[in-house]
Each structure stands twice: as structure tokens, then as C-alpha cells.
*Asks:* 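The structure that follows is given in the form of C-alpha cells.
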Amino acid sequence: MIPNVLPTYNRAPLTFVKGEGTWIVDDRGRRFLDMGAGIAVNILGHANPRLVRALTEQAGKLWHTSNLYRIPQQEALAAKLVDATFADTVFFTNSGTEAIECAIKMARKYHYEKGQPERTEIITFEGSFHGRSTGAIAASGSEKMVKGFGPLMPGFVHLPFGDHEALKAAVGDKTAAILVEPIQGEGGIRVLPRSCLEGMRKLCDEHGVLLILDEVQCGMGRTGKLFAYQSAGIRPDIMAVAKGIGGGFPLGACLATEDAASGMTVGTHGSTYGGNPLACAVGCEVMDAVMEEGFLDHVTAVSSQFVQGLNQLLDSHPDVFEAVRGKGLILGLKCKVPNTDVVAACYDAEMLVVPAADNVVRLLPPLNISQAEAQEALNRLGRAASAIEAKL
Ligand SMILES: *Cc1c(COP(=O)(O)O)cnc(C)c1O
């Protein structure tokens, strides 16, 4: 018999009842170190007092009005994002998928309004993940995600990851945009080299093509910069953001330059809940925290500690781990044993980590994790690796 909850997830038999900072407690009272943070979402940890206050204060005043009226919290958050990034304007959503949908529509509308309606193709890359809507699965093109869901939305071209020659050959007068994650998250923490991002920007400029970045997972401080593109010395035209931006409250955003957004006039796009007062009150508090002096430096410092510790684990457990990947606090361990075994061994060591494609285990802790907690995570990973070795 089908469960009451549609069984599209293979859930671990763990039930959590409360959290505090980097720790999360299950229904048996066990305290887990949370190195997954709800898949890169809870960037300020669980039950962060600032976020609890922002949410409950707003909850006592006004939850929802719709976008038929002005929403001050939404305008405030948009101003903070515009101030801190390449963007001139922001559309708010409830998820990353919706931010990607907005980006795709915006790119096609841009060329349509500029008198080039034939420019509809969007170039994407193997191993990418952009969400689960019919548009987003067509964008990623992964066999696992699209099988049985056809006919797929047309107009996506899938290229190998990091092959600049293939990209050069594919960009033409039908191309509307290149859509890319600066660091593939679900794809296995694959960092796009800086030279690739520079090359893409150059190609886009030469051919009048828009560059869309998907920073849903790698953005909001996770790499040690507010957004990953900021360490590559380039600017996108459009960028999808979500996950960390709400610190655990559902919130996403599509950021754009004035030019890229020029087709999105009144009535062309919308959302009932997108940018509601609750989400944006929390989003403002998250942005303020991430922009505080020293916050991003802390991410970089803890990252160095992790990278050093993970490389030591690699040396001491060569039959379990193969490579360390990533940047900032979006880190991956490529495994020699099945990554699901490592995830299970971490559960036994009372720590949450997240599997990814390419046999990788992801570490995506809250960005305010302390150095002592980072050391504890390394210790628990070591214990998990030893337990696996004992069974090899
Ligand atoms: C998670 C993710 C999405 C989809 O976000 P949802 O909030 O699950 O809709 C899109 N792109 C990337 C890179 C992601 O990691």
C-alpha cells in the first residue's frame, strides 16, 4: 500500500525534534552534529535567536498580503541584495526551482523583446542540477530525473562539464543563455575553474548571450564570498539564489541586471507567496548577519581547518577516501567505498552528512560553525572511516 506521504524519497530512519546551532536532537535524545544543514540551508544554524526573533515578531503582525500590494520587508531585502551584488533588481520566490524558472523565462523574454525571438536555446552542463520543475529537469537533462516525464520542454543544449571547446562550438545565433552552477552541488561538489567562468563571460559578451548563474547551493556566503562569482572577477546577467537565503525559511530569489530584466514587465511573471512578509523578514536578518564584519572571514578560516583535516583523513584512510573537493564550506569527499556507506557510518557516529553524485559525501555545515565543532566533525568522520575499514 502506498504510504500517506508520496514515497519519492529514500528517507533515513531518523526523526529530529529540535535543534540548536550546529546540533540537532532526535526523538531518542541523541545529539547529532549537523554537517548537512538541511542541504546547505540553515546557514546560521538551528533555532538561531536572531532569526527566531525576526520570524516571530513578523508572525505576530502580518503573515501574508499577496503581491497586489507593496511589501516593505521585500523591498528592504531587495535593496540589500542589489547593494551587495551585480544586480539591479530582484524577483522573490519560495524555492530554488522557481528562481531558475524565472531566470529561464527572463532570458527568453529578453531576446524576444530585443527583436531576436529565435534566440531560445539555453546551454547547460552534464552533472548539473537546477531543480525539479519540468523546465528545471529539462535544463539539467539528467537521465535519472527526466526519464518518463517527457515530452520535455525543448530548447536546452547539454554540454560536457568544463569543455570550453565544446562550448565555443555550441554558442550561436540561436543561443539565449548559458546556465551554470559555479560549483556543482548535487553533481558532486565539482568546482568550475575560474578560467571557465571567465571564458563563459567572454563568449556571452561576444555573442550577445546572457550568463545565468545558479548559486542556489554555493551562494549566500558558502564559498567565503557572498556569492561564488565574486571570487572569479566576472558578473552574471541573471542569478538564481535560494537555500541559505532564508536560513531555513522557504525563500528564493532571481537577481538580474536592469538590461537582462528589461522584458519582465507588468503581468509577465508572478507568485502568490513569493517575497511574503515572513520570508523576507527572515531574509533581511540572514543578509545582515552574513554581511557583518568578519562573518565571511570566519567561513574562510574554518574552511582551511576543514581542508587540512580532510586531507589528513585522506592520508590515514586511503581505502575509504579518494579526494577532497570544494571551496569554503561547500566541501566534498570523493569516496572509494560507496558514499552511502560513509553516510550511514556518520549517522552511527551521530553526525549528518549528505551524499551527492559521483560517489561524493558533502559537508555543508552552518556557516557560523565554531572551530571546536569543526574539529569534532573531523573526529567523527575519522571514527566513521575507521568503522568502515574494520569491515573491509
Ligand atoms: C537545491 C538546488 C536547486 C533547487 O532548489 P529547490 O529549493 O529545491 O527548488 C536548484 N539549483 C541548485 C544548484 C540546487 O542546489
Side-chain angles (χ1 to χ4, degrees), residues 78 81-82 85-93 96-125 128-131 133 135-136 138-141 153-159 161-164 166-184 192 194-216 218-219 227-230 232-242 252-265 268-269:
L81 288 165
V82 164
T85 68
F86 74 97
D88 302 312
T89 188
V90 184
F91 181 85
F92 289 103
T93 67
T97 304
E98 292 166 89
I100 289 291
E101 286 289 330
C102 179
I104 293 168
K105 286 176 68 176
M106 186 182 283
R108 288 185 172 168
K109 191 67 159 41
Y110 171 86
H111 293 292
Y112 178 87
E113 294 293 342
K114 298 261 169 179
Q116 293 190 293
E118 69 285 358
R119 280 195 186 266
T120 56
E121 269 179 18
I122 297 177
I123 294 175
T124 64
F125 300 90
S128 66
F129 180 79
H130 300 294
S133 64
S140 99
M153 182 171 145
F156 292 96
V157 177
H158 307 107
L159 298 183
F161 179 84
D163 182 346
H164 195 68
L167 180 60
K168 251 186 178 161
V171 173
D173 47 18
K174 288 222 168 60
T175 312
I178 298 174
L179 166 60
V180 68
E181 294 160 86
I183 301 177
Q184 284 190 352
L192 196 67
R194 181 184 170 136
S195 59
C196 280
L197 276 174
E198 288 169 345
M200 283 177 185
R201 179 70 267 176
K202 198 156 159 270
L203 266 180
C204 285
D205 290 342
E206 285 166 6
H207 293 268
V209 167
L210 297 174
L211 180 61
I212 306 173
L213 295 183
D214 182 344
E215 293 221 19
V216 169
C218 65
F227 291 104
Y229 81 83
Q230 291 168 329
I234 56 116
R235 293 162 150 251
D237 301 292
I238 302 173
M239 181 168 75
V241 180
C254 180
L255 280 61
T257 63
E258 182 166 13
D259 186 41
S262 57
M264 303 303 280
T265 50
T268 56
H269 199 49

*Asks:* Can you check whether Ile100 reaches Ile104 side chain to side chain, under 4.5 Å on heavy atoms?
*Replies:*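 When only atoms from C-beta onward are counted, Ile104 and Ile100 do touch, with a gap below 4.5 Å.
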*Asks:* Looking at His111 and Arg119, would you say the former's side chain and the latter's main chain have a donor-acceptor pair under 3.5 Å?
*Replies:*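 The answer is no, because no donor-acceptor pair under 3.5 Å joins these two groups.
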*Asks:* Over all heavy atoms of both residues, which pair between Thr175 and Ala170 is shortest? Give the atoms and the distance, please.
*Replies:*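 The answer is OG1-O, 3.7 Å.
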*Asks:* What closest approach, in Å, do Ala256 and Met106 show between heavy atoms, and which atom pair accounts for it?
*Replies:*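 Between these two residues, the closest heavy atoms are CB-SD, 3.5 Å.
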*Asks:* Test Phe125 against His158 for ring-ring contact (aromatic ring centres under 6.0 Å, His included), laying out the working first.
*Replies:* CA-CA 5 Å; Phe125 300 90; His158 307 107; 9.6 Å; no
*Asks:* Flag the pair Leu192 / Ile183 as yes when at least one side-chain heavy-atom distance between them is below 4.5 Å, and no otherwise.
*Replies:*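 Leu192 vs Ile183: side chains apart.
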*Asks:* Go through Val82 and Val90 one step at a time and tell me if the side chain to side chain contact (heavy atoms under 4.5 Å, CB included) criterion holds.
*Replies:* CA-CA 8 Å; Val82 164; Val90 184; 4.1 Å; yes
*Asks:* Would you say Phe161 and Asp163 make side-chain contact, with heavy atoms under 4.5 Å?
*Replies:*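 No. Closest side-chain heavy atoms not under 4.5 Å.
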*Asks:* Looking only at atom types and distance, does a side-chain atom of Arg108 sit under 3.5 Å from a main-chain N or O of Thr120, one as donor and one as acceptor?
*Replies:*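 Checked: pair present.
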*Asks:* Any heavy-atom pair between the side chains of His130 and Leu179 that's under 4.5 Å?
*Replies:*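 When only atoms from C-beta onward are counted, His130 and Leu179 do touch, with a gap below 4.5 Å.
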*Asks:* Side chain to side chain contact (heavy atoms under 4.5 Å, CB included) with Glu98: which residues, sequence neighbours excluded?
*Replies:*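 Scan of Glu98 (side chain to side chain contact (heavy atoms under 4.5 Å, CB included), adjacent residues dropped) gives Thr93, Asn94, Ser95, Ser271.
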*Asks:* Of the non-hydrogen atoms in Ala107 and Ile238, which two are nearest, and what is the gap between them?
*Replies:*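 Looking at all heavy atoms of both residues, the shortest contact is N-CD1, 4.2 Å.
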*Asks:* Would you mind reporting whether Phe91 and Met264 have side-chain heavy atoms less than 4.5 Å apart?
*Replies:*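 No - every pair of side-chain heavy atoms lies 4.5 Å or more apart.
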*Asks:* Minimum heavy-atom separation for Leu255 to Phe86, with atom names?
*Replies:*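 Result for this residue pair: O-CZ, 3.8 Å.
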*Asks:* Within the structure provided, determine whether Ile178 and Val171 are in side-chain contact (heavy-atom separation under 4.5 Å).
*Replies:*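 In short, these two side chains touch, coming nearer than 4.5 Å.
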*Asks:* Please find the pair of heavy atoms, one from Phe227 and one from Gly219, that lie closest to each other, and give the distance.
*Replies:*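 Closest pair (atom of Phe227, atom of Gly219, distance): CD2-CA, 3.7 Å.
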*Asks:* Inspect the contact between Lys105 and Glu101 and indicate whether a charged nitrogen and a carboxylate oxygen are less than 4.0 angstrom apart.
*Replies:*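 Salt bridge between Glu101 and Lys105, a charged N being under 4.0 Å from a carboxylate O: no.
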*Asks:* Using atom types as modelled, flag every donor-acceptor pair under 3.5 Å from a side chain in residues 199-212 to any protein atom, sequence neighbours excluded.
*Replies:*
from, atom 1, to, atom 2, distance (Å)
Arg201, NE, Asp205, OD1, 3.2
Arg201, NH1, Arg235, O, 2.7
Arg201, NH1, Asp237, OD2, 3.1
Arg201, NH2, Asp205, OD1, 2.9
Arg201, NH2, Asp237, OD2, 3.1

*Asks:* Quick one: OH on Tyr229 to CG on Leu213, what's the gap to the nearest 0.5 Å?
*Replies:*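 Nearest 0.5 Å value for the OH-CG distance: 9.0 Å.
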*Asks:* Specify the closest pair of heavy atoms between Phe92 and Ala78, including all atoms of both residues, with the distance to one decimal.
*Replies:*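 Of all heavy-atom pairs spanning Phe92 and Ala78, the closest is CZ-N, 3.7 Å.
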*Asks:* As an exercise, state the distance from CD1 of Ile234 to CG of Leu197, rounded to the nearest 0.5 Å.
*Replies:*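 Between atom CD1 of Ile234 and atom CG of Leu197 there are 4.5 Å.
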*Asks:* Could you tell me if Ser128 and Glu181 have a donor-acceptor pair between their side chains, going purely by distance under 3.5 Å?
*Replies:*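 Per modelled atom types, Glu181 and Ser128 side chains form no pair under 3.5 Å.
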*Asks:* If the threshold is 4.0 Å, N to carboxylate O, is there a salt bridge linking Asp259 and Lys114?
*Replies:*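 Lys114 and Asp259: salt-bridged.
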*Asks:* Are more than 12 heavy atoms from other residues, nucleotides or ligands located less than 6.0 Å from atom CD of Glu118?
*Replies:*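 Yes, because the 6.0 Å sphere around CD of Glu118 holds more than 12 heavy atoms from other groups.
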*Asks:* Can you tell me if Thr257 uses its side chain to pair, donor with acceptor, with the backbone of Ala87 under 3.5 Å?
*Replies:*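 Flag not set: sc Thr257 to bb Ala87 has no pair under 3.5 Å.
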*Asks:* Do the side chain of Glu215 and the main chain of Ala228 share a donor and acceptor less than 3.5 angstrom apart?
*Replies:*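 Present.
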*Asks:* Would you give the length of the straight line joining atom SG of Cys102 to atom NZ of Lys109, rounded to the nearest 0.5 angstrom?
*Replies:*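 If we round to the nearest 0.5 Å, Cys102:SG and Lys109:NZ are 12.0 Å apart.
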*Asks:* Would Leu159 and Thr124 count as a side chain to side chain contact (heavy atoms under 4.5 Å, CB included) here? Give the steps.
*Replies:* CA-CA 6 Å; Leu159 298 183; Thr124 64; over 6 Å; no
*Asks:* Main chain of Tyr110, side chain of Glu113: is a donor-acceptor contact present, judged purely on distance under 3.5 Å?
*Replies:*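 Judged by distance alone, no pair lies under 3.5 Å.
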